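One structure is given here, and the rest of the page talks about it.
Quantities reported herein were computed from a predicted structural model and do not represent experimental measurements.
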Amino acid sequence: MDVLKIAAFSDGNTGGNPAGVVIGEALPDAADMQRVAAEVGFSETAFAAPEGDQWRVRYFWPESEVPFCGHATIALGAALVGKFGDGTFRLTLNQADITVEGFRDGANFAAALRSPPTRSRPAPKELAGEALALFGYEPGDLDRAIPPAVIHGGADHLVLALKSREALAAMAYDLRQGQSFMRREGLVTILLAHAETPRLFHTRNPFASGGVYEDPATGAATAAFAGYLRDLGWRHGGSIDIVQGEDMGMRSRLHADIPPTAGSSIRVSGAARLMD
């Protein structure tokens, strides 16, 4: 298979989260997609094939399939633009129908996805406590304005908002312990966030469930987080910007537009660059 390698949510010509993209006439067998994803070795690889006037899309990380991946969708949007030109592409996922827009931006690309519907619920005290212990945080490290919650925008994530940027920068945990915890609780990532302003956030996303210590840019979690801020009545002014990956030397930028209707799709956008 011809695998394109694209960094989504890049910051100019650097940063971003690498994803594999395979576009074919038909989707390969699941076992073949899983094998290719493992060979590529990125946190996710997207596979797409035409199905009527839409694209059938499936996402695989090196160990298993996932229902949705934001950065791989942005990478897919860039790949579709490279093949078919600027446009909006309708995608059929395993559990939802979404769209991705794409266009050329100089030598690079830009793309925007519309997430599956969002929802959120308060995190049980025991779940939040175990997550804090995993990272060595104390309850006093949390930002009370954004309580711990299980958030969803195509997949489940746990959000822990921290009062200080220093606490976020100090994030560390045991990968095997985190993987056991996240798989047991059905969490794709844990989103750690710090609000610099009401509309600018710094985030980190441990992705132990997929065997990845940390993701440099996570579109699905960003969509879920934006939906959660809407549920909270946060003063987001209709959109937020997120800087992610900075502490791992892969600075990435994500933008989320937040419509007022509860549960409605979040538009997550960013740049994308072809990798060597």
Side-chain angles (χ1 to χ4, degrees), residues 8-12 15-17 68-71 73-74 77 98-101 105 110-123 142-165 167-169 171 188-207 214-248 250-272:
F9 302 116
S10 56
D11 185 17
N17 195 355
F68 175 61
C69 173
H71 83 273
T73 301
I74 294 294
I98 65 170
T99 63
V100 63
E101 311 161 38
D105 183 16
L113 65 86
R114 291 194 178 274
S115 75
T118 68
R119 61 179 183 267
S120 64
R121 58 183 172 86
L142 294 174
D143 182 346
R144 294 186 179 183
I146 307 175
V150 177
I151 58 176
H152 184 95
D156 281 350
H157 310 263
L158 175 67
V159 58
L160 298 175
L162 302 171
K163 288 191 300 187
S164 75
R165 181 68 179 86
L168 183 67
M171 185 275 288
V188 174
T189 75
I190 296 175
L191 185 149
L192 304 172
H194 169 68
E196 180 177 327
T197 73
R199 300 182 67 181
L200 175 61
F201 293 84
H202 297 266
T203 65
R204 301 185 72 173
N205 272 86
F207 181 30
E214 181 178 2
D215 245 358
T218 317
T222 294
F225 182 57
Y228 177 46
L229 294 177
R230 175 175 57 196
D231 294 343
L232 287 176
W234 185 264
R235 296 178 291 110
H236 53 72
S239 67
I240 59 171
D241 288 293
I242 284 181
V243 176
Q244 188 180 334
E246 195 165 35
D247 295 303
M248 56 187 298
M250 299 177 69
R251 193 174 193 269
S252 307
R253 298 186 65 88
L254 305 91
H255 179 83
D257 293 304
I258 309 173
T261 304
S264 62
S265 174
I266 300 293
R267 184 179 186 270
V268 180
S269 59

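- Across all their heavy atoms, D231 and S120 have their closest contact at OD2-OG, 2.6 Å.
- Contact check for R114 versus E101: side-chain heavy atoms found under the 4.5 Å cut-off.
- Annotation: the span from L113 atom CG to T99 atom OG1 amounts to 8.0 Å, rounded to 0.5 Å.
- For V188 against F207, the heavy-atom pair with the smallest separation is O-CD1, 3.2 Å.
- Here the side chain of E196 pairs no donor or acceptor atom with the backbone of H202 at under 3.5 angstrom.
- Taking CE of M250 as the start and OG of S10 as the end, the distance is 10.5 Å to the nearest 0.5 Å.
- In this structure, M171 CE and N205 CG are separated by 8.5 Å, a value rounded to the nearest 0.5 Å.
- Residues Y228 and L191 have side chains not in contact (no heavy-atom distance under 4.5 Å, counting atoms from C-beta outward).
- With a 4.5 Å cut-off on side-chain heavy atoms, I242 and F9 do not count as touching.
- No side-chain donor-acceptor contact under 3.5 Å links R253 to the backbone of G270.
- Counting heavy atoms from C-beta outward, L142 and P148 have side chains that approach closer than 4.5 Å.
- The shortest non-hydrogen separation linking I266 to A226 is CG2-CB, 3.9 Å.
- For the pair S252 (side chain) and G16 (backbone), a donor-acceptor distance under 3.5 Å is present.
- Shown here for A271 and I74, the closest heavy-atom pair between the two residues is O-CG2, 4.4 Å.
- The minimum heavy-atom distance between D11 and R251, with the atom names listed, is OD2-NH1, 2.9 Å.
- By the 4.5 Å heavy-atom criterion applied to side chains, R230 and P259 are counted as neighbours.
- Two residues are said to be in side-chain contact when any heavy atoms from C-beta on lie closer than 4.5 Å; R165 and E246 meet this criterion.
- The heavy-atom pair separating P116 from G154 by the smallest distance is CG-CA, 3.7 Å.
- Under the 3.5 Å distance criterion, with hydrogens and angles disregarded, a donor-acceptor pair is assigned to the side chains of T189 and H157.
- Within the 3.5 Å criterion, the main-chain N or O of A220 finds no donor-acceptor partner in the side chain of T218.
- To the nearest 0.5 angstrom, L168 atom CG is 7.5 Å from T203 atom OG1.
- Annotation: side chain of D247 is in contact with side chain of R204 (closest heavy-atom distance under 4.5 Å).
- The CG atom of N17 lies 7.0 Å from the SG atom of C69; values are rounded to the nearest 0.5 Å.
- Inter-residue side-chain proximity for W234 and I258 is flagged as unmet; no heavy-atom pair is nearer than 4.5 Å.
- Rounding to the nearest 0.5 Å places CD1 of I190 at 12.0 Å from CG of D156.
- Sparse packing is recorded around CZ of R119, with 12 or fewer heavy atoms of other residues, nucleotides or ligands lying under 6.0 Å away.
- When the options L254, I146, V243, T222 are evaluated for a side-chain contact (heavy atoms from CB on, under 4.5 Å) with F201, the one that passes is I146.
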